[in-house]
Amino acid sequence: MEKKVRVRFAPSPTGGLHLGGVRTVLYNYLFAKQHGGDFILRIEDTDQTRFVPGAEEYIFETLAWCGLEPDESPKHPGPHAPYRQSERKQQYRQYAEELVQKGYAYYAFDTGEELDAMRQRLRTDENPSPQYDRTVRTQMRNSLNLAAEEVQRLLQENTPHVIRIKMPEGETVSFTDMIRGDIQFDTSVVDDKVLLKADGMPTYHLAVVVDDYLMEITHAFRGEEWLPSAPVHVLLWRYLFGEDKMPQWAHLPLILGPSGKLSKRDGAKYGFPVFAMNWHDPKTGELTEGFRERGFLPEAFVNMLAMLGWNDGTEDEVFSLEELIRRFSIEKVHKGGARFDYEKAKWFNHEWIKRQPVSAYAQQVRSIFAEKGIVISDEGYFTQVLELVKERCTMLADFWEHSYFFFKAPKDIDTSAVKSKWNDDKAAFFKGFAKSIMSVSNWNAASLEALFKQQAEAAGIKPGELQLPMRLMLVGGKFGPPVFDIAALLGKEETGYRINSALEEFERP
RNA sequence: GCCGCGUUCGUCUAAGGGCUAGGACACCACCCUUUCACGGUGGUGAUACGGGUUCGAAUCCCGUACGCGGUACCA
């Protein structure tokens, strides 16, 4: 029987989740759901020094906002708990020791100073960063060179040491990447990576392999930056569990900024978010703005991210999460990095604001209004207003400028556009119009417009010349939805009131 | 330096040997609209370079250039 698909995302809690990270989650999620499998979230918190409080919680919140809930995680443990590597610490050592027993790894007692000295000594123009590799290891303090008794003694005395993989010489390690196809490496040019650190924590290399095995991961997606260390992982699988049990790999292309790899700096420099949500770094006190706070809908964010490095071959590009699950295919993920374009991201948001019912984001718009001092009391009215203006909003914050005048009469009316053409006939028309609307029984945009035109003609004025003044009276400037739609929503009382009070403004010299 | 990955309009991309290289964002023009948008129509604009293979190459092969990643007791 085919094994159920299990994919995992393993972030390190060291900061906010940038675009590339969320996209990796997304592709993981899409692939898992598409195959009826599980999406597992594991936390790679093996480096205590880089751990940032709150970062794990932030990751959960981001995934929840995007709608990418894991099936198993530290929050919702499944059969393979725990999901934090710090809580799994004990199990890594035995695998590292096993590798030493089998001759695939060795103890290294070199101190940091000794490593520095080695790199200093060996550094040349041709070799700017010397590695701890098969040529260097013969000169270092490790169990390959030291006498067995000496190694025993050092171990018994609890001398700080690491366990390094012993990279074989002249072998070719190859594997098939789901996106890139066959990839080969010559083991002679790969160094002896540390597997178990002096503090007993595994490095990423040991941890992914052990955890993926223990958690029965079948497919592993990660960023392209991991490609160079893939041979280490393949070898570890071969030595420990058998390559046939190794998950299938997919190395995702990078997301680039305007110049090179997308960074937090790009966000600040070019004025766009690079994190899904606001990230407040407790260590530096620095705040990095998020897409959510900028006024992006999660649907738009996810949609935009999905299209950054994948395309289903059709010309469609607006997809819901459900549609993405249906259409996604890992083979169609691109090999080359994609440059993030904020303009296109805004376009996606505009599309989603237009096609979502306003109920999907009314709550957020309400808080924007509250910040500006407008408290919404009439839900039905609020909904109708949002529905009327949503097609002209790109960001949620845009709702304010496109609709605030529905909730408060304009204070200052910009009469400059009509002042020169203003005359007593027009004033008389509006006086009459304000009066007659009070008796309109069928209050809607169409009947209002009909009445307006009929009275304009009766007064001998072209209706077109009266529309702009009417707009200014209702909203205060040259903006907003069609005038009669505005009046229809405002109601006859408010419309009449605004016309009358604006008339005084128009009369002023 | 070494190793790996990549390269189609400004950007995201389609086309996996065969019609004038298609679409989207952005930009420009026109239409619609007596506000601003939405929308509609059209336009500018690309196969990095050089060699092969082939009747035929964006597509396959080789080389060059450029970009990116890795080269930590970080992930």
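All figures in this text were calculated on a predicted structure; none of them were measured in a lab. In what follows, chains carry the letters A, B, and so on, assigned in the order in which the sequence lines appear, proteins first and then strands, with residues in each chain numbered from 1. In what follows, every heavy atom counts, from backbone to side chain, and hydrogens, waters and symmetry copies are set aside.
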Handout entry: A:K354 atom NZ, neighbour heavy-atom count above 12 within 6.0 Å
Key =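 Atom NZ in A:K354 is crowded, with more than 12 foreign heavy atoms closer than 6.0 Å.
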Exercise for the section: Tell me, yes or no, whether the heavy-atom count around A:K166 atom NZ, taken from other residues, nucleotides or ligands under 6.0 Å, exceeds 12. Expected result: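 Atom NZ in A:K166 is not crowded, with 12 or fewer foreign heavy atoms closer than 6.0 Å.
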Handout entry: Exam field: side chain A:R8 to backbone A:A220, donor-acceptor pair closer than 3.5 Å
Key =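 A pair under 3.5 Å: no.
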Please work out if [X] contacts a base, only the sugar-phosphate, or nothing of the nucleic acid, heavy-atom cut-off 4.0 Å.
X	value
A:D110	base
A:S12	sugar-phosphate
A:R222	nothing
A:G223	nothing
A:A338	sugar-phosphate
A:P482	base
A:G336	sugar-phosphate
A:H402	nothing
A:T49	nothing
A:P253	nothing
A:E391	base
A:V162	base
A:F185	sugar-phosphate
A:N127	base

Among the nucleotides [options], which one has an atom lying closest to any side-chain atom of [X]?
X	options	value
A:K344	B:U35, B:C3, B:C25	B:C25
A:Y204	B:A75, B:C12, B:C5	B:A75
A:T203	B:C38, B:C74, B:G69	B:C74
A:K332	B:G4, B:A75, B:A15	B:A15
A:E44	B:G1, B:C38, B:A75	B:A75
A:E225	B:C5, B:U34, B:A75	B:A75
A:K197	B:C25, B:A72, B:C74	B:C74
A:P228	B:G23, B:C5, B:G69	B:G69
A:H334	B:A14, B:C68, B:C74	B:A14
A:Q467	B:U34, B:C5, B:A75	B:U34

Just N and O in the side chain of [X]: are any of them under 4.0 Å from OP1 or OP2 of [N]?
X	N	result
A:R50	B:A75	no
A:R339	B:C9	no
A:K354	B:G39	yes
A:T46	B:A75	yes

How about [X] and [Y]: are their ring centres within less than 6.0 Å of each other?
X	Y	answer
A:H233	A:Y204	yes
A:F452	A:F484	yes
A:F9	A:F39	no

Length of the [atom1]-[atom2] vector between [X] and [N], whole Å:
X	N	atom1	atom2	answer
A:E351	B:C25	CD	P	8 Å
A:I183	B:C3	CD1	C1'	13 Å
A:E401	B:U35	CD	C1'	13 Å
A:E315	B:C12	CD	P	18 Å
A:L227	B:C5	CG	C1'	6 Å
A:W347	B:G10	CH2	P	20 Å
A:L195	B:A72	CG	P	15 Å
A:L206	B:C74	CG	C1'	15 Å

Exercise for the section: Assign each of A:P463 and A:D182 to its nearest nucleotide of RNA chain B by heavy atoms, then name whichever residue's nucleotide is nearer the 5' end. Expected result: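 With A:P463 and A:D182 compared, the 5'-side residue is A:D182.
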Problem - 5' precedence on RNA chain B between A:P128 and A:E224 (nearest-nucleotide basis) - result: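 So the residue in question is A:P128.
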Problem - B:G4 pairs with, by Watson-Crick or G-U criteria that keep both distances under 3.5 Å - result: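 Across all strands, the one nucleotide that pairs with B:G4 is B:C68.
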Handout entry: Nucleotide forming a Watson-Crick or wobble pair with B:U34, both distances under 3.5 Å
Key =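 Per the H-bond distance test, none.
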In whole angstrom, give me the gap between the [atom1] atoms of [N] and [M].
N	M	atom1	result
B:A75	B:C38	P	48 Å
B:G43	B:A48	C1'	26 Å
B:G40	B:G50	C1'	46 Å
B:C9	B:C27	C1'	12 Å

Problem - Distance-only donor-acceptor check, side chains A:R141 and A:Y107, under 3.5 Å - result: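 Checked: A:R141/A:Y107 side chains show no N/O donor-acceptor pair below 3.5 Å.
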Handout entry: Straight-line distance of A:F405 CZ to A:F479 CZ, nearest 0.5 Å
Key =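 One finds 6.0 Å between CZ of A:F405 and CZ of A:F479.
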Practice task
Identify whether the distance between the nearest side-chain nitrogen and carboxylate oxygen of A:K89 and A:E87 falls below 4.0 Å.
Solution key: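 No.
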Handout entry: Syn/anti state of B:C32 by chi, 90° boundary around 0
Key =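 Anti, angle beyond 90° from zero.
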